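Take a look at the structure set out below.
Here the structure is a predicted model, which is why all the values come from computation and not from measurement. Residue indices begin at 1 and follow the sequence shown.
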Amino acid sequence: QAQFVESGGGQVQPGGSLRLSCAASGFFLDYYAVAWFRQAPGKEREGVSCVGARDGSTYYEDSVKSRFTISKDNAKHTVYLQMDNLKPEDTGVYYCAANLLRTACGSNVVTHEHSYWGQGTQVTVAS
């Protein structure tokens, strides 16, 4: 069964950093573009970053540009999200998922194009 398992969340103070990991099983990361999503309480799930399957393409939502960095290690079947200078508005459950329709990242992240959702990892930014 294809799925992701997210880890690395926690509680940090504003300005702090976290590194999230997303381990894939049941498929290879060089098949699909993979995106990180977050869902804040009472809000819809939104895509914050994407990494392409083989072309090195990336995407960042405007609010996380210059603060978040997405990367992946195909040999370890893992996608990472380095989050620096965290803000309270970054609080939420973070998920990763594969875009079964695309191998490269586009100009946005379309939630319904993604599958293999994990259970998510909670990130809380508070002083």
Side-chain angles (χ1 to χ4, degrees):
Q1 181 180 355
Q3 65 178 2
F4 283 108
V5 176
E6 301 92 342
S7 61
Q11 181 164 343
V12 296
Q13 294 185 343
S17 297
L18 283 173
R19 188 192 194 204
L20 305 183
S21 297
C22 175
S25 62
F27 68 100
F28 294 104
L29 288 180
D30 59 355
Y31 283 6
Y32 311 113
V34 174
W36 280 97
F37 296 78
R38 69 183 174 197
Q39 187 164 20
K43 294 188 176 181
E44 291 187 357
R45 194 171 299 185
E46 63 172 348
V48 297
S49 187
C50 168
V51 61
R54 296 180 294 274
D55 66 346
S57 60
T58 57
Y59 161 85
Y60 297 96
E61 192 271 332
D62 284 347
S63 69
V64 308
K65 282 181 180 177
S66 78
R67 299 189 299 120
F68 289 11
T69 304
I70 193 169
S71 62
K72 66 173 184 171
D73 186 331
N74 286 344
K76 294 183 178 180
H77 310 291
T78 302
V79 178
Y80 303 98
L81 188 67
Q82 177 67 41
M83 305 188 298
D84 299 317
N85 190 22
L86 282 161
K87 303 177 180 181
E89 51 263 43
D90 295 318
T91 293
V93 180
Y94 282 70
Y95 304 86
C96 54
N99 189 327
L100 302 190
L101 302 180
R102 298 177 184 271
T103 58
C105 299
S107 59
N108 61 357
V109 174
V110 180
T111 303
H112 66 73
E113 293 181 349
H114 290 75
S115 295
Y116 306 160
W117 295 93
Q119 294 300 307
T121 186
Q122 175 71 46
V123 172
T124 303
V125 185
S127 54

- Tell me, yes or no, whether the heavy-atom count around E44 atom CD, taken from other residues, nucleotides or ligands under 6.0 Å, exceeds 12. no

message = Counting the benzene-type ring for Trp, do W117 and F37 have ring centres under 6.0 Å apart?
response = yes

Counting only N and O atoms by type, is there a donor-acceptor contact under 3.5 Å from the side chain of Y80 to the main-chain atoms of D73? no

* To do: Check whether V79 and Y95 end up in the same hydrophobic cluster, where Ile, Leu, Val, Met, Phe, Trp and Tyr are linked by side-chain heavy atoms less than 4.5 Å apart.
  => no

Interatomic distance, CD@E6 vs CH2@W36, rounded to 0.5 Å, equals 5.5 Å

Between the OG atom in S66 and the CG atom in N85, the distance rounded to the nearest 0.5 Å is 8.0 Å

One should read off an interatomic distance between Q11 CD and S127 OG, to the nearest 0.5 angstrom, of 9.5 Å

Worksheet item: So if you build clusters from Ile, Leu, Val, Met, Phe, Trp, Tyr with side-chain heavy-atom gaps below 4.5 Å, do L20 and L29 land together?
Response: yes

- Item | Expected output: side-chain T78 to main-chain A23 donor-acceptor under 3.5 Å | no

Sub-3.5 Å donor-acceptor pair from the side chain of K87 to the main-chain atoms of V64, do we have one?
no

**Study point:** Hydrophobic cluster identity match, Y31 and V34, side-chain contacts under 4.5 Å
**Key:** yes

Donor-acceptor check, side chain of Q119 to backbone of V5, threshold 3.5 angstrom: yes or no? no

Take Y60 and R67, measure what side chain to side chain contact (heavy atoms under 4.5 Å, CB included) needs, and give me the verdict at the end.
CA-CA 10 Å; Y60 297 96; R67 299 189 299 120; over 6 Å; no

Rounded to the nearest 0.5 angstrom, the OG1-CG distance for T124 and L86 is 10.5 Å

d(K72 NZ, S21 OG) to nearest 0.5 Å is 15.0 Å

Check: Judged by atom type as modelled, is there a donor-acceptor pair below 3.5 Å linking the side chain of R45 to the main-chain atoms of Q39?
Finding: no

Mind telling me whether F28 and H77 have parallel, tilted or perpendicular rings, with 30° and 60° as the class edges? tilted

Is there a donor-acceptor contact under 3.5 Å from the side chain of K43 to the main chain of R38? no

Same cluster or not: are Y32 and Y59 linked, directly or through other Ile, Leu, Val, Met, Phe, Trp or Tyr residues, by side-chain heavy atoms under 4.5 angstrom apart? no

Next on the checklist: Quick check: is L100 connected to V109 through a chain of hydrophobic side chains (ILVMFWY, heavy atoms under 4.5 Å apart)?
Outcome noted: no

